[in-house]
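To keep things clear, I will list the structure first and then write my remarks on it.
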Amino acid sequence: MKIFDGIKGYFRNIYESVTTVSMGMWITFKTAFFERKVTLQYPSHDILEGKPKDASLSNKPNLNPPFEPLLGAGQQIYKGPLNTQLPERYRGLLGYDEPSCISCLLCALNCPIDVIRVKGVKIEGRKGKVPTTFRIDYSKCMFCGLCVEVCPTDAIFFTRQFEGATFEYRTLIREFISPKLSLERLQLAEEAKAKAREKKEEKEKSARETSHTE
Amino acid sequence: MENLVNDLFGQFTFLQKIGYVPTAAVVMLACALVVLNFFGLMSGLYTYLERKVAGWTNSRRGPNRVGPYGLLQFMADGVKLVLKEDIIPAAADRNIFKFAPYLLLLGTALSFVVIPFGPKWIISDLNIGILYLLATGSFTVIGLILAGWASNNKWALLGGMRSAAQIVSYEIPNALAILVVVLAAGTMSMQGIIRAQAGGVHHWFIFSSPFSLLAFFIYFISAIAEINRVPFDIPEAESELVAGYNIEYSAMRFGAFFAAEFGNIYVVSAVAVTCFLGGWQLPLLDDVNDLGPLGYGLGSFLSRSDVLMLLLLAALLTTFLAWKALSAFVWDVRRKRAFFGSRFVRYHSELLVLGLLFAGGAVSLALHLPLRPHLSTIYRLIFQYLVPFLVFFGKAMLLSFVILWWRWTLPRLRVDQLMGVCWKYLIPMGFFCLIGQGFWMWLFS
Amino acid sequence: MPLTTETMILNMGPHHPSTHGVLRFILRTDGEVIHMCRPDIGYLHRGLEKIAEQVPYAHFMPYTDRLDYLAAMNCNLGYAITVERAADIEVPLRAEYIRVLVAELNRIISHLISVGTFAMDMGAVTPFTHTLREREWVNDLFEELCGSRLTYNYIRFGGVAFDLPDGFLDRLSRFLDYFEPRLKQYNRFISKNKIFKERLIGVAVISTQQALDYALVGPNLRASGIDWDLRRDEPYSVYGEMEFDVPVGGSEFGELGDCYTRYWVRILEMEQSVRIIRQCIAKMPEGSYWNRSKKKLKVPAGEIYVRTEAPRGELGFFLVSQGGLRPHRLRIRTGSFSAMSIVEEVGSGLMVADLVALIASLDVVAPEVDR
């Protein structure tokens with residue numbers, strides 16, 4: 001009877017091969033001709049037919065700041081609908097909002113790989129310290145988001161830009177505060193310091209005088 | 001081709017002054033040029049089709065950047081391959097390494113000599129045509145072994161050895177399946193085999209007897225194995241042998257391997273069409289000659305039912321295109337797109353072509369009257385050359401699509417299983433078919 | 001002249017399509033048959049354990065993403081639980097449910113990659129792109145949840161970084177509704193394919209004793225017939241409240257401990273993960289998602305070993321603290337490493353094509369081996 005089993009197995013093999021192969025072929029055929037293609041053709045955005053996930057997002061100043069591209073040859077910012085289709089928590093290149101920064105150094109301290117470098121001075125008329133240096137090294141950043149999480153004033157945040165490729169490593173290190181502004185602020189700080197010193201001296205003087213009069 | 005030379009020689013008297021041999025030489029060269037170009041074009045077309053089918057089955061889009069629908073992609077690829085640096089490994093056997101891909105290419109190109117394109121279109125209708133094809137098919141294995149050996153790379157060597165074992169084994173079921181056809185047709189000439197299947201779809205060898213139906217599948221499977229396609233692509237199994245025999249090749253030599261592989265797909269499909277699917281004959285041929293004005297000059301080629309079927313197909317196609325155009329138009333109107341930015345213009349260039357065709361038809365109708373005396377010649381040319389070619393080509397394309405489709409559906413076999421399929425299943429079944437066909441013919445004729 | 005044959009040394013990798021990352025195998029083969037197979041690891045060594053000693057506890061979280069990049073959530077979870085147990089941090093209930101949800105979701109997409117690459121190593125490319133297509137959807141969900149698609153850095157000590165966005169659970173259940181029929185389609189498409197089965201059944205069998213000897217973990221262990229799953233046997237987070245089965249290899253699919261069983265156990269695990277996620281969605285409580293403390297985290301001196309069930313099996317963190325801001329030593333035990341070590345014993349005697357199947361079925365991820 002063993003030989004019959006063998007013969008049965010032989011024909012069962014043929015039967016199984018034919019049925020399972022045709023089943024697979026039907027599935028690929030279905031995928032090829034009756035199912036939606038999932039490709040998003042990235043730079044040519046006219047293929048994307050869907051509405052942006054949140055149309056108002058593109059107008060939110062906080063999410064799409066006036067953020068110039070990294071300085072590289074032939075750099076372009078992608079402005080298609082993909083940006084507006086990205087979710088709100090999307091982690092793009094880091095953005096920086098100078099006016100609200102208080103140079104508390106929390107972002108720099110919380111960065112595991114020292115991507116951010118901040119220096120700040122105290123000048124009059126602004127809360128906290130004023131940054132004189134704010135440098136992000138995009139080549140090292142791993143987009144973990146720890147800096148964004150700890151920032152108390154939302155001065156550092158994720159933008160929706162994701163095209164960071166350049167031809168030069170140097171262009172990935174970005175200074176957010178121009179040397180001119182930085183110098184101005186340092187001078188202001190010096191002046192403020194001087195003024196404060198003067199004030200202090202005056203105060204001390206007057207105190208001394210009052211003490212003398214007393 | 002002898003017919004062509006003789007025709008020309010008889011028709012144009014000035015050729016007799018030149019002499020028979022130079023005329024024949026020139027005609028031969030011209031034919032070779034045409035066929036080689038056809039071969040190149042087919043390989044290109046298949047690279048495009050392969051990538052398109054791959055894309056579709058993978059729910060991607062496939063190439064769509066170069067040219068309309070990405071049709072010129074193969075040209076871009078070819079230009080790239082030609083411009084690339086041709087690297088020859090220092091330790092390779094230089095001469096053999098350089099020669100191997102062309103041997104492969106030669107085998108494929110030689111096969112095109114006996115492949116028919118129409119009742120009168122064949123380079124050489126050898127009386128041993130199919131045997132010749134089996135012989136040229138064996139060039140492949142020599143090329144692959146040489147490539148694997150000369151590369152001086154262990155993976156390439158493994159690939160070459162695998163291909164040797166595989167192709168030599170699979171030639172046996174291949175030949176057995178073809179023997180069934182030869183038995184049924186009583187001839188080995190390619191045109192003879194096609195003519196033996198005249199008289200409608202039930203005379204085609206695939207449907208004429210159960211044994212030849214089985215033989216068709218045996219032929220198809222073993223032929224796929226012989227051209228190293230999935231599920232039998234173990235010589236170049238990319239996940240095991242990286243790239244197999246062509247691992248060290250680059251630039252156009254690499255391209256030559258692929259030109260040969262893709263050319264081989266056409267050869268295999270064409271042979272299957274010739275042997276089993278009635279070649280260039282339409283499916284419903286019967287002897288109805290009275291076709292009215294439409295069939296003027298059609299001769300014995302087309303039947304009324306064929307014309308009806310063609311009309312039906314044309315109607316279906318027109319409906320489909322009209323539906324697509326309408327939906328695109330609606331899409332545009334809804335989104336208020338400008339004319340040149342609209343879907344209608346961007347994605348339906350084929351509608352413009354169709355419009356041009358209709359315009360051409362109208363013009364030709366207008367020109368109908370003055371051309372009346374020559375009409376029969378024109379129709380004869382169309383229906384003796386163009387239509388059979390399209391029929392043959394369409395059938396071959398359908399089979400090629402199945403080959404590509406398998407490539408993107410199935411996993412690949414292991415070496416020992418591959419041999420098992422050949423020796424345990426295909427060869428016994430091949431012998432069974434051969435004997436069965438003999439009995440069938442003895443019973444029914 | 002007598003005909004002689006000799007064995008040859010074959011270098012498989014580090015640049016080989018089926019070594020999943022950067023691995024190298026030194027093979028001594030006689031033609032196609034392997035006589036010796038020695039894995040050579042270390043190409044992706046980044047010194048993660050040393051880095052852990054250099055940075056504060058919280059800063060190591062993004063590095064665990066890179067430990068096993070296909071299952072970043074599970075690695076995050078393992079590390080977070082280790083530190084929480086060492087420093088005695090409370091986790092809100094909602095955060096626990098969210099953690100289990102994302103961990104199981106990540107297990108699904110990790111197994112999808114495993115199944116897809118398995119099919120690709122067997123020569124079928126289409127299943128791979130089909131599984132990636134489903135994975136894209138989950139990636140979109142994760143992107144919505146935490147802003148990132150691969151290296152999530154989502155779980156924090158004492159909770160998770162973000163609450164679930166509005167309508168997230170609806171979109172997730174829509175994905176699950178879509179995914180379950182798809183899983184059945186994969187079975188029709190590739191799992192039941194005759195060629196695929198022939199290639200895998202009875203190939204590279206790892207016996208129960210061998211699996212124990214080499215300390216295999218996770219699906220590889222269960223495929224060899226040992227009913228052991230940390231989610232059920234040593235429940236962490238809220239796994240104790242979940243109802244699920246642990247698929248164990250048996251004779252009903254292939255031979256015990258062969259490549260096909262390892263493949264099939266993963267398919268079944270995906271079904272169970274879907275079950276767990278559905279329960280999470282149903283039970284998801286309201287409340288705080290992060291018990292956030294503003295103080296700098298200091299772990300009291302001592303040592304602790306915590307193990308969790310990652311897609312590639314037991315993921316253990318051994319933490320030695322001397323009471324500072326940084327760990328004194330952090331040792332990571334990963335499933336891929338022990339899976340790698342068994343290749344040498346099981347691999348000899350196979351054919352080259354079977355070795356590819358063995359590596360793919362063990363689901364080795366190179367960065368997890370080298371760390």
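Within every chain, numbering begins at 1; the chains are lettered A, B, ... in the order of the sequence lines, protein sequences first and strands thereafter.
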Heavy-atom distance under 4.5 Å to chain C: side chain of Tyr90(A), backbone, both or neither?
-> both
Contacting moiety of Ala124(C), where chain A heavy atoms sit under 4.5 Å | neither
Which portion of Leu145(C) sits near chain A, non-hydrogen atoms under 4.5 angstrom = both
Considering residues, nucleotides and ligands other than Ile7(A), do more than 12 of their heavy atoms fall under 6.0 Å from its CD1?
-> yes
Is the NZ atom of Lys140(A) crowded by more than 12 outside heavy atoms at less than 6.0 Å?
-> yes
How long is the gap from CZ on Phe162(C) to CZ on Arg89(A), to the nearest 0.5 Å?
-> 6.0 Å
At a heavy-atom separation under 4.5 Å, does Pro165(C) approach chain A through its side chain, its backbone, both, or neither?
-> both
Quick one: do Thr151(C) and Arg91(A) satisfy side chain to side chain contact (heavy atoms under 4.5 Å, CB included)? Show the steps, please.
-> CA-CA 11 Å; Thr151(C) 49; Arg91(A) 297 189 198 160; 5.6 Å; no
Charged N-O contact under 4.0 Å between Arg156(C) and Glu149(A) | yes
Lys30(A), NZ: over 12 other non-hydrogen atoms inside 6.0 angstrom | yes
Passing option when His59(C) is tested against Cys111(A), Pro112(A), Cys144(A) for side-chain contact (heavy atoms from CB on, under 4.5 Å) = Pro112(A)
Look at Gln185(C), Arg149(C), Glu136(C) and state which one has the largest set of heavy-atom pairs under 4.5 Å with chain A.
-> Gln185(C)
So with a 6.0 Å cut-off around CZ of Arg117(A), is the heavy-atom count from everything else above 12?
-> no
Choice from Val150(A), Val18(A), Leu146(A), Thr19(A) maximising heavy atom contacts with chain C below 4.5 Å = Leu146(A)
Among the listed options Met25(A), Glu16(A), Met142(A), Met23(A), the residue most often paired with chain C at heavy-atom distances under 4.5 Å = Met142(A)
Options Arg66(C), Glu198(C), Gln54(C), ranked by heavy-atom pairs under 4.5 Å with chain A, top entry | Arg66(C)
Picking from Tyr63(C), Phe196(C), Phe60(C), which has the most non-hydrogen pairs under 4.5 angstrom with chain A?
-> Tyr63(C)
Quick one: which of Ile195(C), Val55(C), Asn193(C) has the most heavy-atom pairs under 4.5 Å with chain A, could you say?
-> Asn193(C)
Heavy-atom proximity to chain C below 4.5 Å, by part of Ile14(A) = neither
If you tally heavy-atom pairs under 4.5 Å between each of Ile113(A), Asn110(A), Val21(A) and chain C, the highest tally belongs to Asn110(A)
Using a cut-off of 6.0 Å, state whether more than 12 heavy atoms not belonging to Asp166(C) lie near its atom CG.
-> no
For Tyr15(A), does the OH atom sit with more than 12 other heavy atoms under 6.0 Å from it, leaving out its own atoms?
-> no
So which part of Arg133(C) gets closer than 4.5 Å to some heavy atom of chain A, the side chain, the backbone, both or neither?
-> side chain
Out of His130(C), Lys192(C), Lys194(C), which one racks up the most heavy-atom pairs below 4.5 Å with chain A?
-> Lys194(C)
How long is the gap from CZ on Phe189(C) to OG1 on Thr20(A), to the nearest 0.5 Å?
-> 11.5 Å
Residue Phe4(A) excluded, over 12 heavy atoms near CZ under 6.0 Å = no
